[in-house]
2 protein chains.
Amino acid sequence: MADLKTKKVSLKDIAQRAGVSTALVSFALNGKDKEHRISEETVRHILQIAKELNYKPNIAAKNLRSGKSGTIGVVIPDISNPFFAQIVRGMEDVAARLGYTVFFGSSDEYASKLQGLVESLINRGVDGLIIAPCEHSEEFLQQLVESNVPIVQFDRPYKEIESSYVALNNHRAAYLATSHLIEAGFHRVGMVAYDISLSHMQERIEGYKAAMEHHGLKSEITIGYAKSDNVRKSTAKVIARMKEKGVDALFFATNTISVAGLYAVSEQKIAIPHELGLVGFDGSDAFELYATSLSYIKQPIEKLSSKAVEILVNMLEDDNSTIQSVLIDGELIVNASSS
Amino acid sequence: MADLKTKKVSLKDIAQRAGVSTALVSFALNGKDKEHRISEETVRHILQIAKELNYKPNIAAKNLRSGKSGTIGVVIPDISNPFFAQIVRGMEDVAARLGYTVFFGSSDEYASKLQGLVESLINRGVDGLIIAPCEHSEEFLQQLVESNVPIVQFDRPYKEIESSYVALNNHRAAYLATSHLIEAGFHRVGMVAYDISLSHMQERIEGYKAAMEHHGLKSEITIGYAKSDNVRKSTAKVIARMKEKGVDALFFATNTISVAGLYAVSEQKIAIPHELGLVGFDGSDAFELYATSLSYIKQPIEKLSSKAVEILVNMLEDDNSTIQSVLIDGELIVNASSS
DNA sequence: ATGTTCGGCTATATCGTTTAAGCATAGGGT
DNA sequence: ACCCTATGCTTAAACGATATAGCCGAACAT
C-alpha cells in the first residue's frame with residue numbers, strides 16, 4: 001500500500017533483487033530499453049520485480065536530478081470566487097491529464113501577495129506559472145518574463161508584456177451585452193464597473209462604449225464605479241445614483257458586481273426589467289433564481305482553463321514553442337432581466 | 001530575480017565565495033550556528049553573501065535529504081462547489097501561515113478517483129493529507145491509516161476509522177433546523193437528502209428524526225432522496241411528491257439540494273413560506289437573493305478549514321500528538337423562508 | 001614538557017535518480 | 001590469427017542540502 005512512514009523501495013532494491021545495476025533498472029522503468037539496447041528478457045524481469053516490490057519513484061530525487069517537478073503554479077485573485085473556483089477545477093483536470101499537478105494561490109488582487117505567491121511557488125520548484133495579474137504587478141511580471149520564467153497570463157493579461165495569454169474577448173462580450181440591451185429597447189444604458197486599469201475591465205468598458213457609439217448613443221455614456229473592498233455598498237450607491245440620472249438599464253461588469261447589483265435592486269425595490277434592464281457577467285445560481293432571472297455574459301470556462309494549461313505545458317515541453325495570445329468569445333444568455 | 005532557467009545559486013557557491021565549507025553555510029543559514037559553535041563573524045559573513053547572491057535553497061534537494069516536502073494534499077469532492085471552494089481558500093491561508101503549501105484534487109465523489117488522487121499526491125511526496133471521504137472509500141482510508149499515512153478526515157469522516165477528523169456537528173445542526181421549522185408552526189416537516197451512507201448525511205437525517213420525535217411528530221417522518229447525478233430534476237420530483245403528501249415544510253440537507261430546491265419551488269410556483277416553509281444548508285448568494293430569502297444552516301468555514309490544517313500539521317511536527325476528533329457547531333440563519 | 005579541553009571549522013557520506021562513459025563478450029569479416 | 005562491431009551491461013559522477021565524525025590549534029592544567 002501507499003505508505004509515507006516505512007522505508008520505500010528504491011532503484012537499488014530492485015537492482016539488487018534482479019542482479020543488475022541501478023542504471024539498467026532506471027532505463028527499463030523509463031522505457032529507454034531500446035535506446036540502451038537492453039535485452040527483452042532483462043526488461044521483463046526488471047519490470048516484474050518492480051511491480052512485485054510496488055516500486056514508486058522518489059519524486060524529490062527525480063526533481064533534483066532533472067530540474068523539473070511536473071508541477072505548475074496557478075495564481076488567481078480568489079479561489080472562493082465561484083468563477084475562479086470553476087476555472088481552477090478545469091485547470092486541475094487538464095493538468096492531470098497532461099501529467100502535471102497544480103499548486104494554487106489567491107492574490108486577493110494585491111500585487112505584494114501575488115509576488116509573494118509567485119516567489120514561493122518558484123521556490124517550490126514549479127516548472128511554470130499561470131497568473132491572473134492584478135494591478136501594479138506589471139513590472140514584476142515583466143521581470144519574470146525577462147528571467148525566462150515560463151508564464152501564461154490569464155483573464156486580465158498585460159498585453160504589452162511579451163508572454164502568452166488566455167482571456168475572454170472582453171471587448172466583444174461587452175459590446176454584445178450592451179447592444180442587446182439597446183436593441184431590447186433600453187436607450188439610457190449605464191455600466192457598473194471597477195475603477196481599475198486591468199485589461200479585462202478596460203476592454204469591457206471600451207466594448208460598452210463602442211456599442212453605445214455604434215448605436216448613436218454616445219452622449220449618454222454613464223459609467224459608475226463600484227469599490228472592490230465594499231462591493232455591496234458601493235454598487236448600491238452607484239445604482240441609486242444611476243437611477244436618478246435616468247438610466248433605464250445597466251450592464252454589470254463582473255460577477256461580484258452582478259451579485260451586488262441584484263442585492264441592490266432587491267433592496268431598492270426596483271422592478272426588473274420594467275424600471276431597469278439588466279445584464280450581468282459570468283453566471284451564478286443567484287442569477288437564475290433571482291425573481292427576474294438575470295441575463296448575463298457566460299464565459300467558456302472549460303475552454304479558458306484548458307487552453308491556458310495547454311499553452312503552458314506546450315511551452316514547457318516544446319523548446320521552440322512560440323508565444324500564443326488567445327482570446328475566446330463569451331456567450332450572451334438572455335433571461336428575463338433584459339426583455 | 002526569481003529565475004527558472006538560469007543556474008541557481010547553491011550552497012557551494014556561497015561557501016566558495018566565503019572561503020568556508022558548505023556545511024558551515026548550511027548551519028549558518030539554518031540558524032544552527034550556536035549549536036555548532038560558529039563564530040559570530042563567520043555567520044554574519046555567510047548571511048551577507050547569501051543575501052548578495054540572492055540564495056534560494058533548492059527544495060527538491062531539501063526534500064530528498066529530509067524526506068519531507070512541506071506540502072499537504074487535500075482531496076475534496078469538487079472545488080467548484082462554493083462550499084468547498086471557500087473551505088479550500090481557508091486551508092490555503094492557514095497552511096501558508098504554517099509554512100506549508102497545498103495540493104488539491106477533486107474526487108467527484110468517486111472512490112476510484114479519490115484513491116487515484118491520494119496515490120498521486122503521496123507519490124508527489126506530500127507529508128500528509130486532508131481527505132473528505134466519499135462512499136466506498138472506507139477500506140482504502142483504513143489502509144492508509146494502517147500504513148501510517150498522516151491523514152485528517154474532513155466533513156464526512158468515517159468515525160470508526162482511527163484517524164483524526166474535523167466536521168460539522170451535523171446531528172445538532174439538523175436538529176436545530178428541524179426544530180426551528182416545527183416551532184415556527186410547521187408540523188408536517190419533510191427532509192430532502194441524498195441516499196448515501198456517509199456520516200454527514202446520516203447524522204443530518206438522524207438529527208432531523210430526533211427533532212421530529214422530540215416534538216412528538218414521529219409518525220410524520222418523510223424523507224425524500226435526491227439523486228446526486230441529477231440534483232435539479234430529482235429534487236423537483238421529490239418536492240412535488242412531498243407536497244402531495246401534505247408536507248408543509250422542508251429541510252434541505254446540502255447546499256446543492258438547497259439550490260436545486262429553490263429552482264424547483266420557483267418552477268412549481270410554490271409560495272414560500274405560506275405553502276412551504278424552507279431551511280437550507282451552507283449558504284449562498286442565491287439563498288439571500290431568492291424572492292423569499294432562504295433560512296439556512298451556516299457552516300463555520302474558517303474554523304473547519306483551519307482546524308483541519310492545524311491538526312494535520314500538528315501531527316506532522318509533533319511526534320507524540322494524539323488523534324483528535326473535532327465537531328464544530330453550525331449556526332441557524334433565519335430568513336423569510338421559514339417564518 | 002605533556003596531556004586535556006574546547007572553540008572553530010572541514011571532509012565526506014547520504015538521500016534516490018539519471019546518464020555519460022566505458023568495459024566485456026560474442027560473432028563477423030578479412 | 002586479427003581487428004572490428006554490436007550487444008548488453010556496469011561504473012560512477014552528478015543534482016543540492018544536511019549532518020556525522022573528526023581535524024587542527026590554542027589555551028589551560030599538571
Side-chain angles (χ1 to χ4, degrees), chain A residues 3-47 49-50 53-70 122-125 127, chain B residues 3-47 49-50 53-70 122-125 127:
Chain A
D3 196 320
L4 282 187
K5 288 270 175 68
T6 61
K7 267 231 180 54
K8 297 260 294 194
V9 180
S10 76
L11 281 190
K12 214 173 181 177
D13 300 318
I14 301 181
Q16 261 165 11
R17 198 93 118 67
V20 298
S21 70
T22 62
L24 217 55
V25 178
S26 171
F27 293 142
L29 257 32
N30 290 294
K32 310 210 173 173
D33 47 324
K34 301 296 159 218
E35 199 171 319
H36 288 269
R37 328 165 290 206
I38 308 174
S39 77
E40 286 194 24
E41 183 176 342
T42 313
V43 172
R44 259 200 308 279
H45 190 203
I46 290 176
L47 292 182
I49 293 186
L53 298 184
N54 187 31
Y55 170 74
K56 303 282 180 214
N58 177 315
I59 299 224
K62 245 186 164 118
N63 292 351
L64 175 59
R65 185 58 227 244
S66 68
K68 314 246 132 259
S69 69
I122 290 179
N123 285 343
R124 285 257 173 238
D127 295 338
Chain B
D3 196 320
L4 281 187
K5 286 271 176 67
T6 62
K7 266 227 181 57
K8 297 260 291 191
V9 181
S10 74
L11 280 191
K12 216 175 181 176
D13 300 318
I14 300 181
Q16 263 165 9
R17 199 94 117 68
V20 297
S21 71
T22 62
L24 218 52
V25 178
S26 171
F27 293 143
L29 258 33
N30 290 295
K32 312 211 172 172
D33 45 324
K34 301 295 161 219
E35 199 172 320
H36 289 268
R37 334 165 282 206
I38 308 174
S39 77
E40 286 194 23
E41 183 176 340
T42 313
V43 172
R44 260 199 309 277
H45 189 202
I46 290 175
L47 292 182
I49 294 185
L53 298 183
N54 188 30
Y55 169 73
K56 303 281 180 216
N58 178 315
I59 299 223
K62 247 188 163 114
N63 291 352
L64 176 57
R65 187 59 228 249
S66 68
K68 315 244 132 260
S69 70
I122 290 180
N123 286 342
R124 285 257 173 238
D127 295 338

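Throughout, protein chains are lettered first and strands after them, A, B, ... in sequence-line order, and every chain is numbered starting at 1.
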Detail all sub-3.5 Å separations between protein N/O atoms and N/O atoms belonging to nucleotides 5-8 of chain C.
residue: C/dG7; atom: N7; partner: B/R37; partner atom: NH1; Å: 3.3
residue: C/dG8; atom: N7; partner: B/R37; partner atom: NE; Å: 3.2
residue: C/dG8; atom: N7; partner: B/R37; partner atom: NH2; Å: 2.9
residue: C/dG8; atom: O6; partner: B/R37; partner atom: NH2; Å: 2.9

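The distance from atom CD1 of A/I14 to atom C1' of C/dG16 is 11 Å, rounded to the nearest whole Å. Atom P of nucleotide D/dA19 and atom CG of B/L29 are separated by 13 Å, given to the nearest angstrom. Here the C1' atom of nucleotide C/dC9 and the CD atom of B/E40 are 16 Å apart, to the nearest Å. Here D/dG16 presents its C1' atom at 18 Å from CD1 of A/I59, a figure rounded to the nearest Å. Rounded to an integer number of Å, the gap from A/L11 CG to D/dT10 C1' is 15 Å. Atom-to-atom, CD of A/Q16 to P of D/dT10 comes out at 13 Å; the value is rounded to the nearest Å. The separation between B/L24 atom CG and D/dT20 atom P is 16 Å, rounded to whole Å. Counting to the nearest Å, the P atom of D/dA6 and the NZ atom of A/K34 are 18 Å from each other.
The residue B/V25 sits apart from the nucleic acid: no heavy atom pair falls under 4.0 Å. Across all strands shown, A/N30 has heavy atoms under 4.0 Å from sugar-phosphate atoms exclusively, and none from any base.
The CG atom of A/L64 sits 5.5 Å away from the CG atom of B/N58 when rounded to the nearest 0.5 Å. Rounding to the nearest 0.5 angstrom, the gap separating the CD atom in B/E40 from the OG1 atom in B/T42 is 10.0 Å. A distance of 11.5 Å separates CG in A/L24 from NE2 in A/H45, rounded to the nearest 0.5 Å. Between the CD1 atom of A/I49 and the OH atom of A/Y55 there is a distance of 13.5 Å, given to the nearest 0.5 Å.
Formation of a donor-acceptor pair under 3.5 Å by the B/S26 side chain with backbone atoms of B/T22 is not found in this model. Panel note: side chain B/R17, backbone B/A50; no donor-acceptor pair is recorded below 3.5 Å. Judged purely by atom type and a 3.5 angstrom limit, B/D33 has no side-chain atom pairing as donor or acceptor with the backbone of B/A28.
Look at A/S10 and you won't find any side-chain N or O under 4.0 angstrom from OP1 or OP2 of C/dG16. Contact between the side-chain N/O atoms of A/K32 and the OP1/OP2 oxygens of C/dT19 is found at a separation under 4.0 Å.
Both B/F27 and B/L64 lie close to DNA chain D; mapped to their nearest nucleotides by heavy-atom distance, the more 5′-ward contact belongs to B/L64. DNA chain C is contacted by both B/G19 and B/S66; B/G19 maps to the nucleotide lying nearer its 5′ end (nearest heavy atom per residue).
Closest to the side chain of B/S21, from the set C/dT10, D/dA17, D/dT10, is C/dT10.
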